[in-house]
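Keep in mind that the numbers below use all heavy atoms, side chains included, and drop hydrogens, waters and symmetry copies. Being a predicted model, the structure only gives us computed values, none of them experimental.
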Amino acid sequence: VRPGESGGGGSYMVGGAAMAALASLRAGAGLVKLVLPEPVLAAGLAIAASATGVPLSVDEHGDVIGHRAAAVIDELMGVVSCVAVGPGLGVSAGASAVVFRCCVQEAVPVVLDADALNNLSAHAEFHRDLRAPAILTPHVGEFRRLAEAVGVKADPVDESSRGVACGEVARRLGCVVVLKSSATVVSDGLRVWVHDEPNAALATAGTGDVLCGVIAGLVAQHFRGGLGLYECARAGVAAHGLAARAWSERHRAHGGMLAMELLEEVPGVVERMRG
């Protein structure tokens with residue numbers, strides 16, 4: 001997408017990609033392109049009707065055709081400000097082709113979440129192909145697989161070592177890592193920041209896709225305007241947490257929030273943060 005816009009990707013589990021797309025719009029992105037396999041693109045756009053659709057060709061088995069997807073991605077890279085890839089993507093040869101095509105280019109920042117991380121971890125020495133300016137947003141299980149792949153043994157659960165673990169993986173990969181947990185850690189390998197405001201409402205499925213989209217939307221708007229990826233990631237995590245807090249205060253509850261309801265809180269929170 002162009003400045004003020006953001007893009008997303010996915011596969012047959014269209015909900016995650018659509019939620020990320022909506023989150024980018026709610027965070028202020030001007031235009032979102034929803035990139036999905038052609039058979040499910042209409043379903044994704046039914047959820048994220050404000051996005052524009054870009055189809056990926058599939059073979060007779062329904063898998064994304066890698067070389068055709070690469071051509072689509074190469075074309076998009078000339079017009080986008082950020083790419084979010086991973087929610088609902090699945091793990092397959094075609095999915096890996098999508099992820100690695102996003103990672104090997106160096107011009108456009110990428111937010112790698114969910115199955116994008118699982119596709120990376122499945123390949124030995126994947127870090128050699130990670131050239132894009134990148135933010136990785138793993139939960140604890142995904143983080144463990146990434147850490148093992150790059151030879152980091154620190155525990156992402158232990159509070160005393162979680163920041164160290166996050167920083168070490170960020171250094172090894174040369175990117176920003178957002179280690180999602182009740183207390184989310186953000187590191188660029190040199191700095192470590194912890195958002196220690198647990199909220200049980202964020203245990204709902206889909207809220208991680210919202211975080212991915214919010215971060216991508218902020219990167220698309222602000223990365224070229226002076227904020228680094230580390231600052232954009234921190235802002236996204238803070239906005240996500242504040243949106244959940246706003247919902248909890250409004251409903252006087254810490255459970256039962258739907259990811260779609262979290263989206264409704266994002267614009268007001270982001271606007272207050274701008275001020």
Side-chain angles (χ1 to χ4, degrees), residues 9 20 73 77 82-87 89-93 95-196 208-209 211-212 214-216 218-219 223 227-238 240:
I73 291 167
M77 290 301 178
C82 181
V83 172
V85 58
L89 183 61
V91 178
S92 67
S96 289
V98 169
V99 174
F100 278 92
R101 200 67 172 193
C102 292
C103 289
V104 297
Q105 57 81 36
E106 301 178 21
V108 179
V110 298
V111 180
L112 300 167
D113 185 40
D115 281 332
L117 305 175
N118 294 327
N119 278 283
L120 287 177
S121 298
H123 293 268
E125 310 251 323
F126 75 87
H127 59 283
R128 298 184 183 277
D129 292 310
L130 184 53
R131 302 172 194 163
I135 299 174
L136 279 61
T137 59
H139 58 54
V140 169
E142 292 160 349
F143 182 91
R144 281 200 175 103
R145 290 188 286 274
L146 286 169
E148 182 178 357
V150 297
V152 174
K153 298 181 179 179
D155 187 352
V157 176
D158 187 340
E159 288 187 11
S160 65
S161 63
R162 189 165 49 215
V164 173
C166 188
E168 184 60 24
V169 171
R171 273 192 297 277
R172 296 284 180 93
L173 296 177
C175 65
V176 175
V177 175
V178 177
L179 173 52
K180 298 182 292 190
S181 187
S182 57
T184 294
V185 181
V186 181
S187 180
D188 63 355
L190 298 174
R191 297 166 288 182
V192 176
W193 176 79
V194 181
H195 184 267
D196 193 3
D209 303 319
L211 175 60
C212 173
V214 168
I215 292 174
L218 294 177
V219 170
F223 179 60
L227 287 185
L229 293 184
Y230 177 68
E231 288 78 18
C232 289
R234 288 177 58 193
V237 170
H240 188 252

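Side-chain atoms of Val83 and Met77, non-hydrogen and from C-beta on, do get closer than 4.5 Å to each other. Side-chain atoms of Ser187 and Val177, non-hydrogen and from C-beta on, never get closer than 4.5 Å to each other.
Take Arg101 and apply the salt bridge (Lys or Arg N to Asp or Glu O under 4.0 Å) test, not counting sequence neighbours, and it matches Asp74. Partners of Glu231 under the salt bridge (Lys or Arg N to Asp or Glu O under 4.0 Å) rule, at least two apart in sequence or in another chain, are Arg191. Ala93 is linked by a side chain to side chain contact (heavy atoms under 4.5 Å, CB included) to Asp63, counting only residues two or more places apart in sequence or in another chain. Residues meeting the salt bridge (Lys or Arg N to Asp or Glu O under 4.0 Å) test with Arg234, sequence neighbours left out: none. Every residue was checked against the ring pair (Phe, Tyr, Trp, His ring centres under 6.0 Å) condition with His139, not counting sequence neighbours, and none meets it. Among residues two or more places apart in sequence or in another chain, the side chain to side chain contact (heavy atoms under 4.5 Å, CB included) test is passed with Ala97 by none. With sequence neighbours excluded, no residue forms a salt bridge (Lys or Arg N to Asp or Glu O under 4.0 Å) with Glu106. Applying the side chain to side chain contact (heavy atoms under 4.5 Å, CB included) test to Cys232 and every residue at least two apart in sequence or in another chain returns Val219, His222, Leu227.
Heavy-atom minimum distance, Leu120 versus Cys103: CD2-SG, 4.2 Å. Annotation for Ala183 and Val194: closest pair CB-CG1, 4.1 Å, computed over non-hydrogen atoms. The heavy-atom pair separating Ala116 from Val85 by the smallest distance is CB-O, 3.2 Å. Of all the heavy atoms in Gly189 and Ala170, the pair that sits closest is N-CB, 3.4 Å. Taking each heavy atom of Val237 and His195 in turn, the nearest pair found is CG1-CB, 3.7 Å. Minimum heavy-atom separation, Val186 to Ala233: CG1-CB, 4.0 Å.
Remark: the backbone N or O of Ala95 is paired with a side-chain donor or acceptor of Ser92 at under 3.5 angstrom.
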Trace of the side-chain contact (heavy atoms from CB on, under 4.5 Å) decision for Val192 with Cys166:
CA-CA 8 Å; Val192 176; Cys166 188; 5.9 Å; no
Pair Tyr230, Leu190 - check side-chain contact (heavy atoms from CB on, under 4.5 Å), show working.
CA-CA 10 Å; Tyr230 177 68; Leu190 298 174; over 6 Å; no
Should Leu112 and Cys175 be marked as a side-chain contact (heavy atoms from CB on, under 4.5 Å) after you check the CA-CA gap, both sets of side-chain angles, and the distance that decides it?
CA-CA 11 Å; Leu112 300 167; Cys175 65; over 6 Å; no
Can you list, pair by pair, the side-chain donor-acceptor contacts under 3.5 Å of residues 128-136, counting residues two or more places apart and other chains?
residue: Arg128; atom: NE; partner: Glu125; partner atom: OE1; Å: 2.3
residue: Arg128; atom: NH2; partner: Glu125; partner atom: OE1; Å: 3.0

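Within the structure, every pair that satisfies the salt bridge (Lys or Arg N to Asp or Glu O under 4.0 Å) test and touches residues 110-122, not counting sequence neighbours, is listed here: Asp113-Lys180. Sorted by first and then second residue, the ring-ring contact (aromatic ring centres under 6.0 Å, His included) pairs with a member in residues 98-137 read Phe100-His123; sequence neighbours excluded. Residue pairs meeting the side-chain hydrogen bond (donor to acceptor under 3.5 Å, both in side chains) criterion with at least one member in residues 143-157, sequence neighbours excluded: Asn118-Arg145.
Taking CG of Leu229 as the start and CG of Asp188 as the end, the distance is 9.5 Å to the nearest 0.5 Å. Rounded to the nearest 0.5 Å, atoms NE2 (His240) and CG (Leu218) are 12.0 Å apart.
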